[in-house]
Structures are given as C-alpha cells and as structure tokens.
Asker: 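For reference, the structure I am asking about is given below.
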Amino acid sequence: FMQFCEAANFVAIPTLYGGESAQDVADFVQYCNGSADTTWGWARITNGHPQAYNLKYIQLDNGKQSDSYCLSVANKATAIVCQWQGLSTR
C-alpha cells in the first residue's frame, strides 16, 4: 500500500483496524518513518526501501462507539504520538 501510494504520488492514509494493539500501531509508524537506528526503520531498509515513507496520517478504525472502543483508540493514538511527533493529530 505504501509503495503503491508513493509510486502514484498519492498521500497514503492507511486505516488500522481494531485488531491491532497500541504496540502494533507504534511499530507500523516506526516502520514507515523510522531511521536506520530503530528496529522497524532498519527492517524497512532491509526490505528494500531505504527512504522513510514520510507517513503523515493514519485512520484509526471506524468501529462502533463504546467505552472500550474509545479507550482502545485513545491508547493507539497515544502510541502513535509517542512514536512519531510529525503525524497529524486531527
């Protein structure tokens, strides 16, 4: 998805669904934007993409609203902000 968007000159806005943990989301952000000195940034480089994807936006789920759903989204949003300060929080 990220490579397709890059090749087509589209802004990538991946949607991450409810099954991912906050750590999974943070790892994804690090994979997309991390430098070579991070675990997942290095994985991206060894997978053949030396430049960061410059991910700026993520859509978090679109599930039914409940207290547990809101808590899950809040935890994922916190993980994203902690991992990469350059992402939009709108």
Side-chain angles (χ1 to χ4, degrees):
F1 175 76
M2 298 301 292
Q3 288 178 335
F4 169 76
C5 290
E6 184 178 65
N9 202 29
F10 295 157
V11 173
I13 306 176
T15 299
L16 304 178
Y17 293 97
E20 295 91 0
S21 69
Q23 186 61 55
D24 292 336
V25 173
D27 292 346
F28 176 73
V29 172
Q30 188 181 90
Y31 183 87
C32 290
N33 291 354
S35 64
D37 63 345
T38 65
T39 301
W40 289 104
W42 179 248
R44 181 196 68 249
I45 292 166
T46 60
N47 286 337
H49 200 278
Q51 298 299 319
Y53 285 108
N54 196 27
L55 180 67
K56 294 182 180 176
Y57 306 101
I58 290 179
Q59 177 174 316
L60 289 178
D61 210 344
N62 59 356
K64 294 180 180 178
Q65 298 218 352
S66 66
D67 289 344
S68 63
Y69 169 80
C70 291
L71 180 60
S72 172
V73 170
N75 288 338
K76 291 173 187 176
T78 299
I80 290 168
V81 170
C82 289
Q83 186 57 243
W84 199 261
Q85 297 295 328
L87 289 174
S88 174
T89 57
R90 292 190 210 186

Asker: Could you list the residues that satisfy side chain to side chain donor-acceptor pair (under 3.5 Å) with N75, not counting sequence neighbours?
Answerer: none
Asker: With sequence neighbours excluded, what pairs up with F28 under the ring-ring contact (aromatic ring centres under 6.0 Å, His included) test?
Answerer: none
Asker: Got a sec, which residues hit side chain to side chain donor-acceptor pair (under 3.5 Å) with T38, two or more places apart in sequence or on another chain?
Answerer: none
Asker: What's the shortest heavy-atom distance between N33 and L55, and which atoms?
Answerer: OD1-N, 2.7 Å
Asker: Applying side-chain contact (heavy atoms from CB on, under 4.5 Å), can you list everything that pairs with T39, at least two apart in sequence or on another chain?
Answerer: Q30
Asker: Which pair of non-hydrogen atoms, one from P14 and one from Y57, has the smallest distance, and what is that distance?
Answerer: CD-O, 3.4 Å
Asker: Would you say that more than 12 heavy atoms from the other residues, nucleotides or ligands in this model lie under 6.0 Å from the CD of Q51, or not?
Answerer: no
Asker: I'd like to check the side chain to side chain donor-acceptor pair (under 3.5 Å) partners of Q23; sequence neighbours left out, ordered by chain and number.
Answerer: D27
Asker: Taking side chain to side chain donor-acceptor pair (under 3.5 Å) as the test, write out the residues that go with N47, two or more places apart.
Answerer: Y31
Asker: Hydrophobic side-chain clustering at under 4.5 Å (ILVMFWY, transitive links): who's grouped with L71? Put none if nobody.
Answerer: none
Asker: Apply side-chain contact (heavy atoms from CB on, under 4.5 Å) to A52 and list each qualifying residue two or more places apart in sequence or on a separate chain.
Answerer: R44
Asker: Side chains of M2 and H49, heavy atoms from C-beta outward: is any pair under 4.5 Å?
Answerer: no
Asker: Do the side chains of Y53 and W42 join up, straight or via other hydrophobic residues, at under 4.5 Å, putting them in one cluster?
Answerer: no
